[in-house]
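To start, the structure itself, in structure tokens.
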Amino acid sequence: MKPQTNQKQTTFSDVAALEERYQLATYKKMPIVAERGQGVWIYTSDGEKYLDLYGGHAVAGTGHSHPHVAAAIQIQAEKLLFYSNLVYSRARAEAAEKLVSVAPAELTKAFFCNSGTEANENAMRMARMATGRQNVITFSGGFHGRTADSISATFLGKYREIGKPNVPGHIEAEFGDIDSARALADENVAAIMLEPIQSMAGVRMASADYYQALRELCDERGIVLIYDEVQTGVGRTGDWFFAGSEAGSQVVPDIITLAKALGSGIPVGACLVTEKISASIKENDLGTTFGGGMIAMAAVTATLEAIEEDGLLVNVKTTEAYLRQRLTEVPAVAAVRGRGFLLGIEFRTPAAPIHKALLDRKIITGTSSEPKVLRLLPPLCLSNNQVDLFVEALLAITAKP
Ligand SMILES: Cc1ncc(COP(=O)(O)O)c(C=O)c1O
């Protein structure tokens, strides 16, 4: 039996109409039917080619359909699609070993789940178990996901409102202001959780010594420090993780959470934890059917291997430098924020028309909750030539008439 694809729906309007007819309209979509991808390119059903500087929501770190990842998934699929954590698995053992091997030395164990929000829920749960306390401090502008506990930890725009009734015990501190966190960090606080670079808030970073100060605050008061690295992890900043990096004063939290690029598109999330946290977790404290499934694990190992073999961490740093330098030629750009390939370009005027004009020129970028900030989350293999295409398009779009 051959897999069925409905060959009747080939044009943009056919596919869009079918999807709109049968899928809940929860996302504002681009007018594109994505059919095929390779590296930084997305090919549409109409035979068009788009430069993807958004990476499918920061997921396509290794580039679209990286051959090494695709092959690993296929090989595993032919052996065993799935068995749960009730059995041992070579694929799971190797993925956990590989992930821990690229993490800061203090983070020695992995817990696998399916998404970013789930990783954050489990991280907060572990912090509560490890401390015997309930409350969690998170930050204005932070986004942590859409399930009950994570959305309650999200102090960005409308999200907490959507998640009502919120889980109790979530406290908002001012991002980047250590006195704000210090004033709230009492004996009921189990965890301080942050996106070390706030992405959806418009790519906001704190000073390097802020991360150090948060680490010291947590050590002093017995609080678990959690980095939500769902966006910043797996090479996006040009380091494997923000944790342990120079930009964050080499600070290592007690838990980091991952998802997005970790499986190159196969849904997978993870928490990486210290020995101390792992010692407080017993059998049955955490779990999920699909966490650690073989296909996801094969994708994780192959993703990390591809990042290494293709030299993508170095590529992020050198290409970021080139992009920043080229952006100085664009008078409409007021500032460039972030690190590596998590960049926020602040314009002097609203970003939405620029986002739209770029899309008209077949370049996909992202917006943010900051009206003047355009976000770039491209595959880690972006090259200088592709940067040139983007900058030339920006110059043309923003040139004064
Ligand atoms: C920083 C951060 N944390 C958590 C999440 C939630 O991840 P997921 O959509 O996989 O649940 C996201 C998603 O955009 C995110 O950007």
Side-chain angles (χ1 to χ4, degrees), residues 24 26-28 54-61 111-127 136-160 162-163 167 170 172 175 191-206 211 225-237 241-243 248 253 255-272 288 290-291 293 296 299-300 303 337-344 365-370 373 375-378:
L24 276 183
T26 56
Y27 278 85
K28 184 169 163 44
Y54 192 56
H57 247 81
V59 168
F111 169 76
F112 290 111
C113 54
N114 309 289
S115 65
T117 195
E118 204 187 335
N120 289 335
E121 298 247 346
N122 281 290
M124 289 188 278
R125 183 170 300 166
M126 284 192 260
V136 175
I137 294 177
T138 49
F139 295 89
S140 46
F143 180 83
H144 301 291
R146 290 169 180 264
T147 50
D149 212 5
S150 296
I151 209 167
S152 303
T154 291
F155 291 97
L156 174 72
K158 62 191 181 305
Y159 290 102
R160 278 191 111 236
I162 295 168
V167 173
H170 285 281
E172 177 181 13
F175 182 64
I192 294 181
M193 180 165 79
L194 64 149
E195 280 182 90
I197 304 176
Q198 292 190 333
S199 179
M200 294 215 334
V203 190
R204 300 203 303 165
M205 251 178 108
Y211 304 97
L225 182 62
I226 304 172
Y227 278 8
D228 174 344
E229 295 226 40
V230 167
Q231 291 220 12
T232 55
V234 200
R236 177 142 305 280
T237 61
F241 305 103
F242 189 86
I255 305 179
I256 66 179
T257 62
L258 303 169
K260 292 216 187 268
L262 184 58
S264 293
I266 296 291
V268 56
C271 301
L272 283 171
T288 166
F290 287 120
V300 168
T303 295
R337 300 207 285 262
R339 196 168 165 81
F341 283 173
L342 172 46
L343 292 178
T365 55
T367 52
S368 74
S369 69
E370 273 293 315
V373 174
R375 265 186 317 155
L376 303 187
L377 302 146

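Being a predicted model, the structure only gives us computed values, none of them experimental. Numbering of ligands and ligand atoms starts at 1, following listing order.
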Without swapping roles, check the side chain of Y159 against the backbone of A153 for a donor-acceptor pair under 3.5 Å. no
Under a 4.0 Å heavy-atom cut-off, which residues neighbour ligand 1? S115, G116, T117, N120, F143, H144, G145, E195, D228, V230, Q231, K260
H144 and D149: side chain donor to acceptor below 3.5 Å: no
Donor-acceptor contact below 3.5 Å, side chain R146 vs main chain I151: no
With sequence neighbours left out, what residues match F241 under ring pair (Phe, Tyr, Trp, His ring centres under 6.0 Å)? none
Contact check, side chains of R160 and E172, non-hydrogen atoms, under 4.5 Å: no
Check against side chain to side chain contact (heavy atoms under 4.5 Å, CB included), V203 and R375: CA-CA 7 Å; V203 190; R375 265 186 317 155; 3.5 Å; yes
